Protein chains: 2
Amino acid sequence: MWFAVFGRSTVTRDSIIYKTMTTAKSDTIATRISRRLADRIISGSIEAGAKLRQDHIAEEFGASHVPVREAFRRLEAQGLVVSEPRRGVRVAGFSVEEVREVAEMRAALEVLALRNAAPHLTKAILDQAEDATRAGDRAGDAEAWEKANRAFHRIILAPCGMPRLLKAIDDLHTASARFLFSGWRAEWEAPTDRDHRAILAALRAGEVEAAASVLARHVQWTGHKGQKSSPFPAAARR
Amino acid sequence: MWFAVFGRSTVTRDSIIYKTMTTAKSDTIATRISRRLADRIISGSIEAGAKLRQDHIAEEFGASHVPVREAFRRLEAQGLVVSEPRRGVRVAGFSVEEVREVAEMRAALEVLALRNAAPHLTKAILDQAEDATRAGDRAGDAEAWEKANRAFHRIILAPCGMPRLLKAIDDLHTASARFLFSGWRAEWEAPTDRDHRAILAALRAGEVEAAASVLARHVQWTGHKGQKSSPFPAAARR
DNA sequence: ATTCCAGAAATTATCTATTATTCTGTCGCA
DNA sequence: TGCGACAGAATAATAGATAATTTCTGGAAT
């Protein structure tokens, strides 16, 4: 078992996604708390619907409730928790419709990003993306695969130079990852990534629209995949 | 002049956009503060680059600094302010590139929403949208026009039933509105909305793709419009 | 005048302690 | 079994304090 159960004072292996565990002393405690909670939520270490009690979390991180509350607001904005006044926050649930919704949004936005990135893609960048794809093939578990997958998408989309768009895509990717982990945790097998290679081939050939259409299908497939394989909780609707 | 200058204890006419001034006593002080600050930022009542000092704002709202900080986190997530640790938050600036970025994101997401909403559009809904369009034509100032414009988009997109998507579109709309106000404040003339009518006509005829393509162009036009007419500050990049 | 720097003032980020309000869950009673 | 009162928790917010950092300001030195 990779993940310890969440509790008052349990130490959990964090930062699966945000590998930049730099904890640069420049950022605030609130930021650190929100990052670590995000990791736990994404990994499934805290399950959907679970209540997050500010005092317990404050105690666990050796902080007061003020930065914890700020962290909550950030997680709320990312859609990872839902907050009801005077009732506290709980980990957001996600239904099939929401997963589909996120997939469609990702498809739309990633296509936009790719179109804008295309003119700036160099051979070096595409080679990097190819490395990421190979890393995904070699992945031994869902976490490693997800990390490689995210890297691939980031590499080919980042050159669009649209920070707000990239942030939005990243948040959606996070939501996808949650779903992925919840569905595939048990029976994992590395899927050699045909789509990634098709996208790279099209980009190398300068066929941007072809690449975009494969990308759109690819992202939406990720959204559908679990519809059959994943028995996750309908959980936590307001 | 509609807007008083922002200061320690100046009363400002708020809530241009969020007409639901319900202040339902159910929501928190932090929520109220974030809403009112958002309105001021959107309307241009606080200008880009301005520092927001937590204690001053707390004093003005008769609150302590804790809810103010939470409000800041929310505004940060919406992209209305930028926060630097230990330096405080300031109203986000926006460059032409950012405006274009927001417009393109809106176009992509609104098209997605429209495609999903189309099957659920009824005559009654389209009539409502037409009313909103007419309200826009009659608008005497930028605020009224923006309100009607937002209503139009909401009315035709809401039936998609994708809450996360709608929230994202709304935040982007907010960003657009800021830009709109900054550029058009001075010389305002109501533009009879040809595009809105074209969209409605296409929807009435069941031509969803035609409607979507007009919508995409329409939204992007909004993004371009100001490129010539608006001399706004390059302001506040980190 | 312009630049540079030290000290002062202001501001952020945080903590601790306290209060009001609102949930939640349990116990007794019909 | 179902229902209402009550006690215990938890949230939301206040107030006040403190350390660290940033920003401002008023000269020296160039």
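Residue numbers start from 1 in every chain, and the chains themselves are labelled A, B, ... in the order their sequence lines are given, proteins ahead of strands. As the structure is a prediction and not an experimental result, all values here were calculated from the model.
A:Thr31 and A:Ser34 share no donor-acceptor pair across their side chains, judged by distance under 3.5 Å alone. Checking B:Arg150 against B:Thr174 by side-chain atom types alone, a donor-acceptor pair falls below 3.5 Å.
Each end of the helix from C:dA1-D:dT30 to C:dA30-D:dT1 gets its own axis, taken as the rotation carrying the C1' atoms of four end pairs onto the next four within a five-pair window, and the two axes meet at 20° to the nearest 10 degrees.
Between B:Ile33 atom CD1 and D:dA13 atom C1' there is a gap of 10 Å when expressed in whole angstrom units. In this structure, A:Glu84 places its CD atom 17 Å from P of D:dA10, rounding to the nearest Å. Note: CD (B:Glu59) to P (D:dT14) measures 13 Å, nearest angstrom. A straight line from CZ of A:Phe72 to C1' of D:dT11 spans 10 Å, rounded to a whole angstrom. As rounded to whole Å, 9 Å separates atom P of D:dA10 from atom NZ of A:Lys51. A:Phe61 has its CZ atom 19 Å from the P atom of C:dA13, to the nearest Å. In this entry the distance linking CG of A:Leu52 with C1' of D:dA12 reads 17 Å, nearest Å.
The backbone N or O of A:Ile41 sits nowhere less than 3.5 Å from a side-chain atom of A:Ser45 that would complete a donor-acceptor pair. Side chain of B:Arg73 to backbone of A:Arg74: no donor-acceptor contact under 3.5 angstrom is found. Between the side chain of A:His120 and the main chain of A:Pro159, a donor-acceptor pair closer than 3.5 Å is present.
The side chain to side chain donor-acceptor pair (under 3.5 Å) test applied to A:Arg53 returns no partner, not counting sequence neighbours.
Under a 4.0 Å N-O distance rule, the pair B:Arg164/A:Glu101 does not qualify as a salt bridge.
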(message) Walk along nucleotides 14-19 of chain C from 5' to 3' and tag each nucleotide B, S or - by protein heavy-atom contact under 4.0 Å, base first, then sugar-phosphate.
(response) BBBB--
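For the pair B:Thr31 and B:Arg87, nearest-nucleotide mapping onto DNA chain D gives the more 5' position to B:Thr31.
Residues B:Cys160 and B:Ala113 come closest through the heavy atom pair CB-O, 3.4 Å.
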(request) Give the C-alpha distance, both sets of side-chain angles, the deciding distance and a yes or no for salt bridge (Lys or Arg N to Asp or Glu O under 4.0 Å) between A:Arg40 and A:Glu60. (result) CA-CA 14 Å; A:Arg40 291 184 193 174; A:Glu60 190 206 331; 2.8 Å; yes
